[in-house]
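Since the structure comes first, as structure tokens, the remarks are kept for the end.
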Amino acid sequence: MKAGGFEVFVVGGCVRDILLGNKPKDWDIATNATPEKIQGLFPDSFYENTFGTVGVKSGSDDPALKVVEITPYRKEAGYSDKRHPDSVIFSHKLDDDLGRRDFTINALAVDPDKGQITDNYSGLSDLEKRLIRAVGSPDKRFGEDALRMLRAVRFAAELDFVIEKETAESISKNAGLIGHISNERIGEEFKKIIQSKNPAMGLALAQKLHILSHTLPELEEMVGVSQNKEAHKYDVWEHSLRALQHAADKNFSLEVRLAALFHDSAKPATKRQEDGKTTFYGHEVVGAKVARETLRKLAFPKEVIEKVEKLIRCHMFFSDTEQITPSAVRRLINKVSKENIWELVNLRICDRVGTGRPKEEPYRLRKFQSMIEEVIRDPISVSMLKIDGNDIIKEFHVEPGPRIGYVLSALLEEVLEDPTRNNKKFLVKHTAELLKLPDGELKGIGEAAREVKTEVEKAEITKIRRKRGVK
Ligand code: ATP
Ligand code: MG
């Protein structure tokens, strides 16, 4: 179609999505007009990059159409660093523009007037066959921009397509090149895989094609690590993928999906043999750290990382649901926070399904859920105590300082044990006792309410509590 004297084609992902019957996330237009000419035609537009794309505000309320990106035809330029073209070369020909695109299914153009499709690389036939195939020589294309290899995996997971043989072999061969790509760009594709309908398939494919070991070596470590056969049918890697896939099947949040993938990521590092049994003590604490460091590296938002970390740190609390008491459930809510407790239940569901040996647990899980409902309105944080720092300062004439915080945490310990203790009379009386203790001991009591503990730390706390005659 011609508009304002220039050629106009709808190109790329949105054409693919329409032909597949999916709603496009955004619309891309290609043209033989220069960025300056495009801006001249659309005064309500912005041009803030080096590759020619002009964003045009359409005035539509549809988020996919709010800003339409119009890009001058471009040609593939040289790539000496495997990630950025050395220069941006504009072209007058649509064919050049389609030739620089990554996969045949992404290299289709539609004339919006006539509805006619330009298909220079058999993209229509690959759509039909559900294949991801590089445009031109895969070795050459992955050599230009190594991120394309991870994009191939991402499209396979999003669209439930297969990577065509020659393209897949080329990825396997060139996987090491992905080391040239920035962690941010890798993070964006990784997130899309996790958010797709088939994240387990995507990551299994990334592993098989050697992309995983070059992008997320901490996940690769899980491959082939065996675990207790009674509880688990699969090795740590397959268990994690199945847990993640269940999160996707249930449409759980990004954080639950990530927690499902990383919850056992420290099992390889913490695996020990004790009296003929395999143990992974502390894997929840180390695993939370692995997730934090990896997600930080991939530039995930801070809030997402914090939530994933909390979920992973707390995931072992569910292992003793038989003995669980209301006070233990309150402690758990205190650790993971009220807003995350149901996400933790979701993670537990994924973890269980991922074992491949679900036993009678739905009953226990239901019992657990009803216990959460029972105690969720109980006081579970210092701010919910019927006494505050100022009350303590006034009543006992103590100086403001860290000791006040230790006292409040120690009081919370009591209230988590028994919510009826949350009354001023009990709290004042108990504060008098607590203030007699030296700093170290006082701090130790309250810490249990503040920190999630490893098995070893928990044993220490129990010892201290026993010594003090607390059950
Ligand atoms: P999404 O649904 O995620 O938006 P998309 O196919 O639109 O998928 P984009 O990253 O938005 O993907 O890119 C738009 C189009 O630009 C692609 O369809 C493809 O034609 C082209 N493209 C994007 N990234 C690359 C790349 N690294 N190499 C070659 N072509 C690319
Ligand atoms: Mg797009």
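For the numbers below, each heavy atom of this structure counts, side chains included, while hydrogens, waters and symmetry mates do not. Whatever order the structure lists them in is the order used to number ligands and atoms, beginning at 1.
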Give every donor-acceptor pair under 3.5 Å between a side-chain atom in residues 372-383 and any protein atom, sequence neighbours left out.
residue: Asp378; atom: OD2; partner: Arg330; partner atom: NE; Å: 2.9
residue: Ser381; atom: OG; partner: Ser383; partner atom: OG; Å: 3.1

Which pairs would a plain distance check flag for residues 302-309, meaning a side-chain donor or acceptor within less than 3.5 Å of a matching protein atom at least two apart in sequence or in another chain?
residue: Lys307; atom: NZ; partner: Glu343; partner atom: OE2; Å: 3.3
residue: Glu309; atom: OE2; partner: Arg292; partner atom: NH1; Å: 2.7

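Figure legend: cation-pi geometry between Arg242 and Tyr234, with NZ or CZ positioned under 6.0 Å from the six-membered ring centre and within 45° of its axis. Cation-pi geometry between Lys267 and Phe280 is met: the NZ or CZ atom falls under 6.0 Å from the ring centre, inside 45° of the normal.
The protein residues lying under 4.0 angstrom from ligand 1, judged by non-hydrogen atoms, are Gly12, Gly13, Arg16, Lys25, Asp28, Arg100, Arg101, Asp102, Asn106, Asp145, Arg148, Arg151, Arg154, Phe155, Lys192.
Residue Asp26 approaches the Mg ion (ligand 2) most closely through its N/O/S atom OD1.
Under the ring pair (Phe, Tyr, Trp, His ring centres under 6.0 Å) criterion, the residue pairs touching residues 244-265 are His239-His263, His263-His315, with sequence neighbours excluded.
Taking 4.5 Å as the limit, every side-chain heavy atom of Thr31 sits out of range of all side-chain heavy atoms of Phe9.
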